[in-house]
Visitor: 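After the structure tokens below, expect a handful of questions from me.
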Number of protein chains: 2
Amino acid sequence: MTEIEKTLENKGVRPTAMRILIYKYLAEKEVAIALTDMENAFSKADRTTLYRTLKTFEEKRIVHQIDDGTNISKYALCEPGCNCEMEQDLHLHFHCDNCDETVCLTEHKIPHINLPDGYVAENANLVIKGICDKCSGQ
Amino acid sequence: MTEIEKTLENKGVRPTAMRILIYKYLAEKEVAIALTDMENAFSKADRTTLYRTLKTFEEKRIVHQIDDGTNISKYALCEPGCNCEMEQDLHLHFHCDNCDETVCLTEHKIPHINLPDGYVAENANLVIKGICDKCSGQ
DNA sequence: CAATAATTGCACTTCCGTTGCATGAAACAA
DNA sequence: TTGTTTCATGCAACGGAAGTGCAATTATTG
Ligand SMILES: [Mn+2]
Ligand SMILES: [Mn+2]
Ligand SMILES: [Zn+2]
Ligand SMILES: [Zn+2]
């Protein structure tokens with residue numbers, strides 16, 4: 001039983017062949033992945049299967065969904081031991097307007113914001129847009 | 001010539017009857033407005049006209065588009081003298097998970113974030129999700 | 001007035017996300 | 001092992017929202 005299989009089982013997901021492939025794919029990419037990206041990468045698999053796999057992974061906290069402002073949902077593996085719901089785990093995301101890629105900046109947490117009276121914060125999403133390190137030529 | 005007509009002309013938009021109505025509608029709401037909201041409010045007008053009016057308003061800096069994570073574009077009037085592009089004008093937005101309304105918190109600017117080397121920030125979007133003042137009963 | 005330009009309305013398309021239902025594979029209980 | 005149940009996958013379709021081409025209407029200009 002491989003590492004990935006163990007990880008999936010620990011998270012309560014049956015490690016099917018398809019799911020292991022999808023997990024591997026997400027692991028080797030260091031950018032956030034859209035459903036369409038996966039369709040292209042796994043032309044043999046059905047779009048729905050990929051979709052539902054991502055949803056399952058999300059439910060089981062294997063991936064987190066990223067809204068980068070493009071109106072296309074992206075996904076990335078959670079950090080080991082991350083708890084996506086907790087405020088202290090909310091890192092920011094960077095979307096490059098040049099290469100259109102989105103990355104997790106897991107070291108950069110979203111700063112705490114003081115809200116007006118009556119507002120109760122439960123979640124936060126911070127996306128910075130600009131030019132990424134690869135595209136800025138550094 | 002009314003205040004609204006003057007405002008529109010100053011921004012380089014011809015003040016048609018339709019546009020004045022739409023401007024008024026946006027002005028009297030203190031929440032961000034989706035295209036569908038406008039369709040309901042102006043059942044007589046065509047969806048495309050409302051759509052293109054919002055796009056025109058956006059281009060001319062009369063409204064700014066808001067991405068609140070619902071994947072439905074919303075719009076709100078810009079503050080007088082605001083320059084939506086400038087970083088210092090980037091305020092945060094609050095989306096209530098209870099009433100599903102999104103508001104501009106124009107007083108709350110997005111804090112400056114230090115990015116890793118090579119990353120160039122050009123824009124930022126910060127959305128806080130939770131319970132708004134009306135829904136939290138304060 | 002006629003000529004021109006801008007606005008509006010209608011029809012249609014595309015894209016992404018989502019769901020219902022049938023089939024196939026794996027786990028389980030006898 | 002066999003039958004039963006549960007879960008995963010595939011196929012087909014739907015829905016909402018954004019966006020476009022073009023014709024009709026309205027406003028502006030000379
Ligand atoms: Mn992330
Ligand atoms: Mn705003
Ligand atoms: Zn880039
Ligand atoms: Zn509310």
Side-chain angles (χ1 to χ4, degrees), chain A residues 1-2 4-5 7-26 32-60 62-76 95 100 102, chain B residues 1-2 4-6 8-25 32-60 62-75 95 100 102:
Chain A
M1 195 183 225
T2 72
I4 293 180
E5 289 178 84
T7 308
L8 292 181
E9 288 221 326
N10 285 342
K11 299 272 192 175
V13 170
R14 282 221 298 243
T16 66
M18 189 83 259
R19 285 168 173 174
I20 293 168
L21 280 175
I22 292 174
Y23 188 99
K24 271 187 194 160
Y25 179 74
L26 290 166
I33 301 296
L35 181 56
T36 309
D37 298 330
M38 299 232 305
E39 271 188 273
N40 296 333
F42 297 90
S43 45
K44 237 182 81 184
D46 187 78
R47 172 184 179 71
T48 314
T49 304
L50 300 169
Y51 170 75
R52 286 203 255 243
T53 302
L54 285 174
K55 284 293 160 196
T56 304
F57 280 11
E58 192 190 359
E59 248 170 51
K60 299 303 171 71
I62 296 168
V63 303
H64 59 282
Q65 189 177 20
I66 300 164
D67 166 31
D68 62 6
T70 60
N71 276 353
I72 298 173
S73 286
K74 310 232 167 81
Y75 300 84
H95 177 257
D100 200 43
T102 299
Chain B
M1 197 183 224
T2 73
I4 294 180
E5 290 179 84
K6 273 187 225 158
L8 293 181
E9 288 222 324
N10 285 341
K11 298 273 192 174
V13 170
R14 283 222 298 241
T16 66
M18 188 83 261
R19 285 169 172 173
I20 293 168
L21 281 174
I22 292 174
Y23 188 100
K24 271 186 194 159
Y25 179 74
I33 301 296
L35 182 55
T36 309
D37 298 331
M38 299 233 305
E39 270 187 275
N40 297 332
F42 297 90
S43 45
K44 237 182 81 184
D46 186 78
R47 171 185 177 72
T48 315
T49 303
L50 300 169
Y51 171 75
R52 286 203 255 241
T53 302
L54 285 174
K55 285 293 161 198
T56 304
F57 279 12
E58 191 189 0
E59 248 170 52
K60 298 305 171 72
I62 296 168
V63 302
H64 59 282
Q65 188 177 18
I66 300 164
D67 165 31
D68 61 7
T70 60
N71 274 354
I72 298 174
S73 287
K74 309 232 167 80
Y75 299 85
H95 177 258
D100 200 44
T102 298

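Worth saying up front: this structure is predicted, and the values here are computed from it rather than measured.
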Visitor: Tell me if a side-chain donor or acceptor on A:Asn40 pairs with a main-chain N or O of A:Asp37 at a distance below 3.5 Å.
Guide: no
Visitor: Would you say a side-chain N or O of B:Thr16 is under 4.0 Å from OP1 or OP2 of C:dT8?
Guide: yes
Visitor: When rounded to the nearest 0.5 angstrom, what is the spacing between CG in A:Asp100 and CG in A:Asp68?
Guide: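 Separation between the atoms: 7.5 Å.
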Visitor: Whole-Å distance between C:dC15 C1' and A:Asp100 CG?
Guide: 15 Å
Visitor: Find the distance B:Leu54:CG to D:dA17:P and express it as a whole number of Å.
Guide: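 So the CG-P distance, B:Leu54 to D:dA17, works out to 14 Å.
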Visitor: Mapping B:Ala45 and A:Arg47 onto DNA chain C by nearest heavy atom, which one lands closer to the 5' end?
Guide: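 This one resolves to B:Ala45.
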Visitor: Please determine whether a side-chain nitrogen of the Lys or Arg among B:Glu9 and B:Lys6 lies less than 4.0 Å from a carboxylate oxygen of the Asp or Glu.
Guide: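 Not counted as a salt bridge, because no side-chain N and carboxylate O are separated by less than 4.0 Å.
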Visitor: Heavy atoms within less than 4.0 Å of DNA chain D: which residues of residues 32-41 of chain B have one? Give them sorted by number.
Guide: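 Correct list: B:Leu35, B:Thr36.
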Visitor: Please report the distance, rounded to the nearest Å, between CD1 in B:Ile22 and P in C:dT8.
Guide: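 Taking CD1 of B:Ile22 and P of C:dT8, I get 7 Å after rounding.
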Visitor: Ignoring hydrogens and geometry, is there a side-chain-to-backbone donor-acceptor pair from B:Lys60 to B:Lys11 under 3.5 Å?
Guide: no
Visitor: Quick one: are B:Lys55 and B:Tyr75 in side-chain contact, heavy atoms under 4.5 Å?
Guide: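 They are in side-chain contact.
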Visitor: Indicate yes or no: at least one non-hydrogen side-chain atom of B:Ile62 is less than 4.5 angstrom from one of B:Val13.
Guide: yes
Visitor: Is there a side-chain contact between B:Met38 and B:Thr53 in this structure, where contact means two heavy atoms from C-beta onward sitting under 4.5 Å apart?
Guide: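 Side chain of B:Met38 against side chain of B:Thr53, heavy atoms only: no contact under 4.5 Å found.
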Visitor: Looking at DNA chain D, which of residues 67-74 of chain A put a heavy atom within less than 4.0 Å of it?
Guide: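 When residues 67-74 of chain A is checked for heavy atoms under 4.0 Å from DNA chain D, there are no hits whatsoever.
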Visitor: Could you tell me whether the phosphate oxygens of C:dT18, OP1 or OP2, come under 4.0 Å of any side-chain nitrogen or oxygen in A:Lys55?
Guide: yes
Visitor: Can you tell me how far the CE atom of B:Met18 sits from the CG atom of B:Asp46, to the nearest 0.5 Å?
Guide: 10.0 Å
Visitor: In whole angstroms, how far is the C1' atom of D:dG10 from the CZ atom of A:Phe42?
Guide: 16 Å
Visitor: Using 0.5 Å steps for rounding, measure from the CZ atom of B:Arg19 to the CD1 atom of B:Ile22.
Guide: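 The distance works out to 8.5 Å.
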Visitor: Using atom CG of A:Leu8 as one end and atom P of D:dC7 as the other, report the distance to the nearest whole Å.
Guide: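 Going from CG in A:Leu8 over to P in D:dC7 covers 17 Å.
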Visitor: Check the distance between C:dA27's C1' and A:Arg14's CZ and give it to me in whole angstrom.
Guide: 6 Å
Visitor: Classify the nucleic acid contact of A:Lys44 as base, sugar-phosphate or nothing, counting any heavy atom under 4.0 Å across all strands shown.
Guide: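 The residue A:Lys44 makes no contact with any strand.
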Visitor: Detail all sub-3.5 Å separations between protein N/O atoms and N/O atoms belonging to nucleotides 19-23 of chain C.
Guide:
unit_1, atom_1, unit_2, atom_2, d
C:dG20, O6, A:Arg52, NH2, 2.9

Visitor: What distance do B:Lys74 atom NZ and B:Leu35 atom CG have between them, rounded to the nearest 0.5 Å?
Guide: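 Nearest 0.5 Å value for the NZ-CG distance: 12.0 Å.
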Visitor: Rounded to the nearest angstrom, tell me the gap between atom CG in B:Asp46 and atom P in C:dC10.
Guide: 6 Å
Visitor: For residues A:Tyr23 and A:Val63, determine if any side-chain heavy atom of one lies less than 4.5 Å from a side-chain heavy atom of the other.
Guide: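 A side-chain contact under 4.5 Å is absent here.
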Visitor: Mind calculating the distance between CG (B:Leu50) and P (C:dC10) to the nearest angstrom?
Guide: 12 Å
Visitor: Evaluate side-chain contact (heavy atoms from CB on, under 4.5 Å) for A:Phe42 paired with A:Thr49, printing each intermediate quantity in order.
Guide: CA-CA 11 Å; A:Phe42 297 90; A:Thr49 304; over 6 Å; no
